[in-house]
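These notes concern the structure reproduced below.
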There are 2 protein chains.
Amino acid sequence: MQQIKFERIPRATISRLAVYVQELEVMEQQGIRVISSEKLAHLCGVNPSQIRKDLAYFGEFGVRGVGYYVHELREAIRQSLGLDRTWNVVLVGVGNLGRALLRHNLFRKRGFVIVAAFDCDPFKIGEEIAGLEGSCTSKLPKSTRDMNVEIGIIPTPPERAQRAANYLIEGGIKGIVNFAPSRISTPENISVEYVDFINHMFSVAFNITQKQVRGLL
Amino acid sequence: MQQIKFERIPRATISRLAVYVQELEVMEQQGIRVISSEKLAHLCGVNPSQIRKDLAYFGEFGVRGVGYYVHELREAIRQSLGLDRTWNVVLVGVGNLGRALLRHNLFRKRGFVIVAAFDCDPFKIGEEIAGLEGSCTSKLPKSTRDMNVEIGIIPTPPERAQRAANYLIEGGIKGIVNFAPSRISTPENISVEYVDFINHMFSVAFNITQKQVRGLL
DNA sequence: CCGTGTATGTTAAAAAATTCACTATGCAGC
DNA sequence: GCTGCATAGTGAATTTTTTAACATACACGG
């Protein structure tokens, strides 16, 4: 009796579901067939209720008294997140980070296919990385439309992120993942995610300092 | 009258403070001297009260009726986060991503100095990247202790993340930033942050799908 | 030196997210 | 087919986080 729900789904839930998928995949490889919310929770470092609640947004995937069938649950989450398809992606900014991402095979493994790479630097244009030839950013908007690209990745230095975003917006992109440590402004209907690792370095640094301060009390 | 507070500081606050610092730096470069919480909030995409609240955890940095002095505020936040010093960092896993991070100059600019890089792959050991020679992971624990390293970065494939973490733990590290898409288990006293960009790709993909579904209603 | 305007710091209210506690349900064994 | 057991699903309670509202303090002009 899978009642479709229209509750707003918390951003944090989505991010946790992604973690669940990852852990479920590991289990599947290890041949584990069934898992309880309690065990999965332990592995993911969250509360068991949290898992059950997160899943409840999308349906009932478990069997009471038994747990969740690993493969089935993984598929169910993937489907819920819209990952049971491939997504065309472009990358703007072929610097160190951009190159690393181009060569990063986890994208493709998860259904994100980088179909083009762009850069404004003439030295990088035409260079081939991971079977892909860098093009001039001015060609971006047309390319993305022609190739039906929905997601753009921005691994530029911070000062060039907004420009990259503008090209992507012009190209009719629907979502952006910004690796540059600077906020970008976009129209409402474009979904933006920030991958800001300096930010995470800060957090760790802060936590360490905090612990030391606490220790002195 | 700067009353020191012992309230627990939300993780989200820390992450926002990092964003504020970034935006304040941009402003400083542009020669902007004073900023109101309202304008800063707009730039960072948050609520003005949020900013004032976040700052209140650490002290009073503004001038009523005026706003915040950009440079002063930036320094105050940096100090609050423990960023007014340098941190020795090591990197475990010299793959595509690891190399890119080694070459990424934003780390150093923010006070995170990568003092050593390790890999278990003999082909990568001895190779020099960004002025740093990769060493065998077995040497890690001693090195980190000798060099007074506090933070470890893990840009390995997921299946090797835990092993990398174990070496770091053995090396007496205090914090870990894990770029691998897999959870790692560590002692309580070690602070771990996850930089999981596949996760962010998932979020964007989900948001796009969600919007399309909503649009059909 | 006092009044006025403005934007902070702070407290209270609202909203959101997490956790708890309980209910319901499917399975295994008898 | 019934009984006991284990664990999912769920509504309520709690906690946390965010937002709003307002009192306070500082700068500036007259």
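Throughout, protein chains are lettered first and strands after them, A, B, ... in sequence-line order, and every chain is numbered starting at 1.
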Step by step, would you call A:Asp54 with A:Arg16 a salt bridge (charged side-chain N to carboxylate O under 4.0 Å, His left out)? CA-CA 8 Å; A:Asp54 284 341; A:Arg16 279 191 299 266; 2.7 Å; yes

Taking atom CD of B:Glu38 as the centre, report whether more than 12 heavy atoms of other residues, nucleotides or ligands fall under 6.0 Å from it. no

Which nucleotide sits closest to the side chain of A:Val63: C:dC27, D:dT7, D:dT10? C:dC27

Considering only side-chain heavy atoms of B:Val66, which listed nucleotide, D:dA27, C:dC27, C:dG9, is closest? D:dA27

Kindly state whether the ring of A:Phe179 and the ring of B:Phe197 have centres lying under 6.0 angstrom apart. yes

Considering just the side-chain nitrogens and oxygens of B:Tyr68, establish if one lies under 4.0 Å of OP1 or OP2 belonging to C:dG9. yes

Testing C:dT10, D:dA8, D:dT10 for proximity to the side chain of A:Ala56, the answer is D:dT10

Does D:dA8 have OP1 or OP2 under 4.0 Å away from a side-chain N or O of A:Ser37? yes

What is the separation between atom CG on B:Leu73 and atom P on C:dT8, rounded to the nearest whole Å? 10 Å

Separation of D:dA6 P from A:Ile35 CD1 (nearest whole Å): 17 Å

Rounded to whole angstrom units, what separation is found between the NZ atom of B:Lys39 and the P atom of C:dA7? 7 Å

Are A:His104 and A:Phe107 close enough that their ring centers fall under 6.0 Å? yes

Per-nt protein contacts along nucleotides 15-24 of chain D (heavy atom under 4.0 Å; B base, S backbone sugar-phosphate only, - none) come out as --SBBBB--B

Which residues satisfy the side chain to side chain donor-acceptor pair (under 3.5 Å) test with B:Arg183, sequence neighbours excluded? B:Asp196

Applying a 4.0 Å non-hydrogen cut-off, can you work out what A:Gly62 is touching in the nucleic acid: base, sugar-phosphate, or nothing? sugar-phosphate

List in chain and number order the residues that pass side chain to side chain donor-acceptor pair (under 3.5 Å) with B:Ser49, two or more places apart in sequence or in another chain; answer none if no residue qualifies. B:Asn47

Without decimals, in angstroms, what is the distance between A:Glu72 CD and C:dG26 P? 14 Å

